[in-house]
Amino acid sequence: MDRKKLVLIGNGMAGMNTVETILKLSDRKFDITVFGSEPHPNYNRILLSSVLAGSARVEDIVINPLEWYAENGIRLHTGETVTAVDPASRTLRTDKGRTEAYDELILATGSLPFMLPLPGADKEGVIAFRDIKDCETMIETAKHHRKAAVIGGGLLGLEAARGLLNLGMEVSVIHICDYLMERQLDAPASKMLRAELERQGMSFLLSKQTKAILGDARVTGVEFADGTSVDADLVVMAVGIRPNVSLAKESGIGVNRGIVVNDYMQTDQPHIYAVGECAEHNGMVYGLVAPLYEQGAVLAKTLCGTETPPYRGSVLSTKLKVSGVDVFSAGEFVDGEDTQAVCVHDEWNGVYKKVLLRNRRIIGGVLFGDTSEGSTLFRLIRTGAEMTPELHASLVGGPSAKSGAPVNAAAAMAPDELICGCNGVTKETIVRAIREQGLTSVDAVKGCTGASRSCGGCKPLVGQLLEHVLGDGFETPVKETVCSCTTLSRDELVEAIREKRLTHMREVMNVLGWSTEEGCSKCRPALNYYLAMVWPDEYEDAKASRFVNERMHANIQHNGTYSVVPRMYGGVTSPSELRRIADAAEKYGVKMVKVTGGQRLDLLGVKKEDLPSIWADLDMPSGWAYGKALRTVKTCVGADFCRFGTQNSIQMGIDIEKKYERLNTPAKVKMAVSGCPRNCAESGIKDLGVVAVDGGWELYAGGNGGVKLRGGDLLCKVKTSEEVMDITGAYLQFYRETGNYGERTSEWVVRIGLDTIREAVVENTANRQALLTRVEKVLEKLTDPWKDVINNRPKYADLYDGISVASE
Ligand SMILES: Cc1cc2nc3c(=O)[nH]c(=O)nc-3n(C[C@H](O)[C@H](O)[C@H](O)COP(=O)(O)OP(=O)(O)OC[C@H]3O[C@@H](n4cnc5c(N)ncnc54)[C@H](O)[C@@H]3O)c2cc1C
Ligand SMILES: NC(=O)c1ccc[n+]([C@@H]2O[C@H](COP(=O)([O-])OP(=O)(O)OC[C@H]3O[C@@H](n4cnc5c(N)ncnc54)[C@H](O)[C@@H]3O)[C@@H](O)[C@H]2O)c1
Ligand code: SF4
Ligand code: FES
């Protein structure tokens, strides 16, 4: 049988989801060709917000990789735009001069971002937020510029603003109304949202009418109708979208706001269908994926000749994808004469819940602060459920009532209903995956089916489904908390510090509900580290929270004296340094001068009160032998002296040590550089070991020569010394950002996985660069602690009491 020729114009989520459903229904019926203007295979546009916010990479958001098209016999023409359709001859033309015939044609041309036609809107630095290119422009701009203005305080604008904050920009959101997300939220929820986003660092300019974009070639600001203005090096317009209908219109296909379709997604032209954001059904145009998938399911069945109920329109639900903020909105939410509202407005706990009723039936709602009942509420709205005392208690009755009357919304759903609107995953798909793959957790379902991968709004529903299918077999993950003062894990703590912009230890303890007033010896130094890591510019080190060695900048010995270890970069010293060391050793009665395993000299047995003076006499940088920081970079003699050496290992070691000395890390870091694989500097058992090989260097991660002996894993092989330096910096910063306080790299590498580290610091060059930018920021601020003590002696009188300073 000859297969019919199906052509899809628009390689986006709606069109491709339709094609995927068609393939599931009948993989032999159509010979499929797809045209897409963008140069990419189909990707999850929703997750652009996550790419911008740094929690996903462009590669992660591809839905159908190129191989998928090939495996399914689909001809894909990326970077090719269809310019005309001729319904009479059933052909189309593209901008590359191609003519293609079709038997059935799907238009899924999506939307175009609306760009305000302001004077100056064509300046460099004025962009939309719609595709991968926009996302990459923002990421690049953030590397060189500081101030961003986002016009539009809707879903897109706020997600863009959060992403730009994460990229280190100062962000002002300009909104035309007097409250944010007015299309999804009522005033009380919007007020709470604004307060939370302000805490995260966003600034808002509300009730502002933009008048012009300022600047010469590049934007420098935005001017408002009231005469005021705001500075900006980047302007992101997020003021809504318009269905992309020009092709349909010019081809004589019926168009209103969108391409007009009936209940089976047919246009007014035979054999031409429309689906997605470009389609207008019953006067409605949709801008969220769940309705587009519902349309796609009807269209796929229509094309395959499978019986289907008609498409009758969709009830919408939205969830803002800004971490740390839980907002959910569905159906109607504005009070009317014929509506009744059931509300909880608890500003103390930051919770707002409103359920709107008409004739006792649930027609909409808004949840802020606690969106756990979002899925249940959405289902009740879709089915037009009547409010009952049990539902009332479960939806708005607070935690106690909730626990008394759990509602498993997932159990009541039909098999083909969507659990995850963002990724088009139905209940039956998840149930099958749970049963066939033996899945026991929400994360496992996510990995296997994609459900909950985007906005996360369906997580509770996935959890309910797991409970329903598995009963007691449902896995509740065991959480390791930072210490007994808190119920938060390390990741939750760091995220909360970031999201809530907590910059002081006391603030963290108050806001995050510490059970002890002062914390404990486990959480205080950890908090001190995490705060400094998250806020390298603002945070003032809380010295008192550090362990004694770090407070004193010296290692205390069993008899109460201290050791003094000056830095010798790469294990190299000079006669004058040795002379000063010898003089100081004699002058301060040093008990022993010892060559350490890290190739430097340790002066043992120094009295506490002599510490500042001996450092002043030595006039050498601190070797940080006491700190959670880069300690030493051990080197072998390398190519300059050794007949086996292939590279200058000494210089490499010195360069690394000079660059990254003093950098605070979750635990101590030891490094080594060897001039050849004979490894005389023992690079294989270091936190990061560098080994010269023919034509380059190998880097080994997570080695340890201490209590838990571990050989390092080969992280990568690079050609140049510059690459070694960069990967070292990125590796150290990635460890700083993801390591648990006190966790050595040997444990960290095992916990988070070598592949993840390799991806973050070697393969994903944009991420490597971002890590380097962040580590540079920290390095700029580091100073030698002993210089500070020597130059500001009175300040340290309490610490080193009875001090006399030799240079006086
Ligand atoms: C940053 C961001 C975050 C979002 N977050 C969410 C969310 O959390 N939840 C949610 O539900 N929705 C979200 N959305 C909206 C959602 O992504 C869209 O509703 C959905 O992607 C639209 O799919 P579509 O296929 O109809 O259109 P599109 O994704 O716009 O796809 C249409 C494609 O067709 C191509 N095309 C157009 N004309 C032609 C032509 N003539 N020839 C060839 N190709 C053509 C376009 O280049 C485009 O690639 C978000 C959108 C953005 C931008
Ligand atoms: N989490 C999500 O579900 C999500 C996230 C991002 C985008 N989206 C979708 O993407 C599409 C685009 O999002 P959007 O937020 O741009 O559209 P939108 O239409 O939802 O919101 C645009 C906002 O811009 C404001 N605005 C309009 N003109 C303005 C002006 N001149 N100055 C300042 N503000 C102005 C409006 O008042 C409105 O709040 C929508 O369909 C949205 O649903 C959804
Ligand atoms: S590691 Fe190689 S280059 Fe370095 S000292 Fe040993 S043999 Fe020589
Ligand atoms: S509904 Fe958004 S991730 Fe599932």
Dump the intermediate steps for side chain to side chain donor-acceptor pair (under 3.5 Å) on N64 and Y43, then the final yes or no.
CA-CA 7 Å; N64 305 103; Y43 63 89; over 6 Å; no

Nearest atoms (heavy-atom pairs only) where K249 meets V255:
N-CG2, 3.9 Å

dist E140:CD -> E136:CD (nearest 0.5 Å) comes out at 9.0 Å

Sub-4.5 Å side-chain heavy-atom contact between T376 and R379:
no

Test: R382 and E294 ion pair at under 4.0 Å
yes

When you check the gap from the basic side-chain N to the acidic O, do E307 and K301 get nearer than 4.0 Å?
no

State plainly whether the residues R45 and E38 are in salt-bridge range, i.e. N to O under 4.0 Å.
yes

Are T339 and L357 packed together at the side-chain level, in the sense that at least one heavy-atom pair is separated by less than 4.5 angstrom?
no

Using a distance-only test with no angle check, is there a side-chain donor-acceptor pair under 3.5 angstrom linking T21 and T18?
no

If we ignore hydrogens and angles and just use 3.5 Å, is the side chain of D86 paired with the main-chain N or O of A88 as donor and acceptor?
yes

Correct closest heavy-atom pair for R257 and E280 would be N-OE1, 2.7 Å

Looking at I46, is its backbone amide N or carbonyl O close enough to the side chain of N44 to form a donor-acceptor pair, meaning the two atoms are under 3.5 Å apart?
yes

Got a donor-acceptor contact below 3.5 angstrom from the K354 side chain to the F333 backbone?
yes

Has D178 got a side-chain atom pairing as donor or acceptor with S207's backbone, closer than 3.5 angstrom?
no

Given D338, which of R358, R361, R360 fulfils the salt bridge (charged side-chain N to carboxylate O under 4.0 Å, His left out) condition?
R358

Is there a side-chain contact between Q266 and H271 (heavy atoms, below 4.5 Å)?
no

Side chain to side chain contact (heavy atoms under 4.5 Å, CB included) for Y69 and N11? Distances and angles first, verdict last.
CA-CA 11 Å; Y69 290 85; N11 188 24; 2.7 Å; yes

Should the ring pair Y286 and Y311 be called parallel, tilted or perpendicular, given that the plane angle runs from 0 to 90° and is split at 30 and 60?
perpendicular

Please identify which of these residues, T81, D95, D131, T94, meets the side-chain hydrogen bond (donor to acceptor under 3.5 Å, both in side chains) condition with S37.
T81

Would you compute the distance between atom CG of L288 and atom OH of Y293 and round it to the nearest 0.5 angstrom?
11.5 Å

Out of curiosity, T137 OG1 to F129 CZ, how far, rounded to the nearest 0.5 Å?
11.0 Å

What are the two closest heavy atoms between C304 and I22, and how far apart are they?
SG-CG2, 3.8 Å

Pairwise distance CG(L158) to CZ(R162) - rounded to 0.5 angstrom:
11.5 Å

Measure the spacing between SG of C458 and CD of Q464 and express it to the nearest 0.5 Å.
11.0 Å

So which heavy atom on T109 is nearest to which on N244, and how close?
OG1-O, 2.7 Å

Begin with the C-alpha distance, continue with both residues' side-chain angles, and end with the deciding distance and a verdict on side chain to side chain donor-acceptor pair (under 3.5 Å) for T33 and R75.
CA-CA 5 Å; T33 303; R75 272 181 303 283; 3.2 Å; yes

So, taking the atom named OG in S452 and the one named NZ in K459, what distance separates them when rounded to the nearest 0.5 Å?
5.5 Å

Salt bridge present between K321 and E159 (N-O < 4.0 angstrom)
yes

F35 versus V7: any side-chain heavy-atom pair under 4.5 Å?
yes

Quick one: do K211 and E223 make a salt bridge, cutoff under 4.0 Å?
yes

State, yes or no, whether a side-chain contact exists between Y273 and L107 at a heavy-atom distance under 4.5 Å.
no

Taking side chain as C-beta onward, heavy atoms only, is V260 less than 4.5 Å from T267?
no

Does any part of the side chain of V85, heavy atoms only, come nearer than 4.5 Å to the side chain of I272, both counted from C-beta?
yes

Any salt bridge between K5 and E100, counting N to O under 4.0 Å?
yes

With R242 via salt bridge (Lys or Arg N to Asp or Glu O under 4.0 Å) - residues at least two apart
none

Without hydrogens or angle criteria, can the side chains of Y352 and D186 be said to hold a donor-acceptor pair below 3.5 Å?
yes

Is the closest side-chain heavy-atom distance between L23 and I74 below 4.5 Å?
yes

For L52 against L164, the heavy-atom pair lying closest together
CD2-N, 4.2 Å

Please answer whether the main-chain N or O of G252 pairs with a side-chain N or O of Q269 as donor and acceptor at a distance below 3.5 Å.
yes

Least distance between heavy atoms, D263 atom then P310 atom
CB-CB, 3.5 Å

S26 side-chain N/O to K29 backbone N/O, donor-acceptor pair under 3.5 Å
yes

From CA spacing to verdict: side chain to side chain donor-acceptor pair (under 3.5 Å), Q184, S329:
CA-CA 6 Å; Q184 292 85 15; S329 163; over 6 Å; no

Is a donor on one side and an acceptor on the other found under 3.5 Å between the side chain of N17 and the backbone of A14?
no

Does the distance from a Lys or Arg side-chain N to an Asp or Glu carboxylate O, for E80 and R93, drop under 4.0 Å?
no

